[in-house]
2 protein chains.
Amino acid sequence: MPKPTFFRLPDEKRERLIKAAYAEFTRAPFAEASISNIIKDAGIPRGSFYQYFEDKSDVFFYLLDQMRESTQAWMKKTIDTHHGDLYAALADVFDHVIDELVDGPYAPFYRNVFMYMDFHSAAKISPTPAPQPPHGKGELINYMVAHIDRSRLNVHSDAELHLLIHMVMGMFMQTVGYYYNRLSQGEQISVAELKRRLAQLLEWLQNGTVNKEERHD
Amino acid sequence: MPKPTFFRLPDEKRERLIKAAYAEFTRAPFAEASISNIIKDAGIPRGSFYQYFEDKSDVFFYLLDQMRESTQAWMKKTIDTHHGDLYAALADVFDHVIDELVDGPYAPFYRNVFMYMDFHSAAKISPTPAPQPPHGKGELINYMVAHIDRSRLNVHSDAELHLLIHMVMGMFMQTVGYYYNRLSQGEQISVAELKRRLAQLLEWLQNGTVNKEERHD
DNA sequence: TTCGTCATGTGACAACTTGTCATTATACGC
DNA sequence: GCGTATAATGACAAGTTGTCACATGACGAA
C-alpha cells in the first residue's frame, strides 16, 4: 500500500504520479519498468518517490488494485442480475472484461499485466480461498460463495465452491494470457476466437468432457 | 539456447556452471537472481558467461528445459501405459510430478519456478497449440493429440483436444503455484490436500459441475 | 514576530546491476 | 615454427535501486 503521505498529496501531483506510473508500466512489463523513468516523467525527485511508496511493486499493485475494484463491482452486480447462476454470470463477465482488456483505454497496460503476471502476484489480486480482512481481494470470493446458487451445482461445501471459483478465475487469466502471448508473437487470434475458447472451457466445466455411455436423448 | 561454445566446454566446467546456476535460481526467484552470483559461485569470469549464454533467461530456460524433457518422457510413457486414457494418465502423472516437486532434490528450485512463472514464460515451456518444430515444447502436445483415445471424450477436433490439454496443464500449474504460495505464507496445505484438489478438478472436468436434473441412479 | 516542531521535499551517494570490448591466451593445422 | 580461429579475461560505461543528511515548508504557541 502507498504510504499515508501519498494520499495527502495535492490532487494534481498525485494524478501526475499515477499517470506517469501507468505510462511506465504500459511501456514495459514490470521487471523492465524503472522507478527512474516514473519520477523523470512525473517530474518529482527520487527521494519523494520513496516517501510515497515502498518500492516498485507498491505502485504497481496500487494501480492493479484500482482495476480490480471496478471489475469486482461488475462481477457482483452480474451475479445478482443472474440470481446467483454462476455460469451465466461468468459468461457475461468474461465477455465484458475481455472487451475492456482488448479495446479499453488501458489495453496495452493490461497486456503487460497479463503476460508477465506470475502465480505469486496473481495470488495478491485474484480471490484467495482464505480468511480475509473485511475489504480487498477476498471480498469478492466470499460474496460469491454466499450468493451463488448451488442447487444445480455439483459442489458439496464452501471449500469446494471456493476451489471451483478459483479454478475458473485461473482458467480465465490463463486464456487471456495465451491471447496476449499469441498477439506478441504476431500469430494473433481474434477476439471472437478468444471468446469462443472461453465459452468452450465453461461448457466443459459445466457438462464435463467425458461422454456418458448412452445418453438418453 | 546456450551458445555452441557452452556445449564444447570440458564436462567439469560445464557442470560447475550448471550447478552454480541451479544454486542461484534456488536461492532467489528469477527476477532477483543475479548473473554476478552465478559466476562468483562457479568461479568463472564475467566475460566467459556471455560467451556461453545470451543472458540470464538463457541459462534459466536451459535448466527448465532439462526438467521438461524428463517430465515429458514420463508423460508419454504413462499415456501408453493407460492406452490413451487421458484422465487416467493425468492422474498418474500429476501424482508422480507432485512427489518430484515437493520431495525431489530440486524442490526448492521448482518452488521458485512455479511461484514466479508468468504466462509469458509458461508459454515457452508448456505445450503450445501451434505448428511446432520437430523437437521441443510442442512435441508432447502433438504426441498427446495423436495418442489420446477420444472415443469417450467429448471433443470434436484436434483444436478442441489441444485446448483441453492446454487447460488441464494450466490448471495443474496454477494449483501447484497455489500450493507454493500457501507454503511461503506459512499457511501450508498438505501434499495430500494438494492431490485431493487436483483430483477434484479432474473429476469436475470429466463429469461436469452441473447436476443433471434427475440423475437416473 | 519569533520560535519550535513536525511533515515533506530533495538530490548526492553507495552499492549494486548488466552487457561490451579490447586484449591476451590457447589450440590446432600446416 | 607460424598463422589463424576460438576462447578466456576483467576493466569499464551505463544503468539501476534505496538511503540519508539536510533544506524547506506549515502551523500553533509564546
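Lettering follows sequence order; numbering is per chain, from 1.
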Next on the checklist: Output the rounded distance in Å from CZ (B:Arg46) to P (D:dA13).
Outcome noted: 15 Å
Next on the checklist: Taking 4.0 Å as the cut-off, does a side-chain nitrogen or oxygen of A:Lys56 come that near to OP1 or OP2 on D:dT16?
Outcome noted: no
Item to check | Which residue lies more 5' along DNA chain D, comparing B:Pro10 with A:Glu54 via nearest heavy atoms | outcome: B:Pro10
Checklist entry - Reckon A:Lys13 touches a base, only the sugar-phosphate, or nothing at all at heavy-atom distances under 4.0 Å? => result sugar-phosphate
Next on the checklist: Tell me the interatomic distance from A:Arg14, atom CZ, to C:dT8, atom C1', rounded to whole angstroms.
Outcome noted: 15 Å
Next on the checklist: What contact category does B:Ser36 fall into here, base, sugar-phosphate, or nothing, at under 4.0 angstrom with non-hydrogen atoms?
Outcome noted: base
Item to check | Whole-Å gap separating C1' (D:dT9) and CG (B:Leu9) | outcome: 14 Å
Checklist entry - At under 4.0 Å between heavy atoms, what does B:Thr5 touch on the DNA or RNA strands: base, sugar-phosphate, or nothing? => result sugar-phosphate
Item to check | B:Gln51 CD - C:dA22 C1' separation (whole Å) | outcome: 13 Å
Checklist entry - Can you tell if the side chain of B:Lys76 reaches within under 4.5 Å of the side chain of B:Glu139, non-hydrogen atoms only? => result yes
Item to check | Selection from D:dT6, D:dT16, C:dT8 that lies nearest to any side-chain heavy atom of A:Ser34 | outcome: D:dT16
Checklist entry - Does a sphere of radius 6.0 Å around NZ in A:Lys3 hold more than 12 heavy atoms from other residues, nucleotides or ligands, not counting ones at 6.0 Å or beyond? => result yes
Checklist outcome for this item: Looking only at C:dT20, D:dT17, C:dT10, the nucleotide nearest the A:Tyr50 side chain is D:dT17
Item to check | Minimum-distance pair of heavy atoms, taken over all atoms of A:Met169 and A:Leu140 | outcome: CE-CD2, 4.2 Å
Item to check | B:Ile38 CD1 - C:dG19 C1' separation (whole Å) | outcome: 15 Å
Checklist entry - Would you say a side-chain N or O of B:Tyr52 is under 4.0 Å from OP1 or OP2 of D:dA8? => result yes
Checklist entry - Would A:His82 and A:Asp92 satisfy side chain to side chain donor-acceptor pair (under 3.5 Å), going step by step from the backbone distance to the final call? => result CA-CA 9 Å; A:His82 289 280; A:Asp92 236 29; 3.2 Å; yes
Item to check | Between C1' of C:dT20 and CZ of B:Phe49, the distance in whole Å | outcome: 14 Å
Checklist entry - How long is the line joining CD1 of B:Ile39 and C1' of C:dT17, in whole Å? => result 11 Å
Checklist entry - Given atom NZ of B:Lys3 and atom P of C:dG19, what is their separation to the nearest angstrom? => result 10 Å
Checklist entry - More 5' along DNA chain D: B:Pro45 or A:Ile35, using each one's nearest nucleotide? => result B:Pro45
Checklist outcome for this item: Shortest non-hydrogen pair, A:Asn112 vs A:Thr26, comes out as ND2-O, 2.8 Å
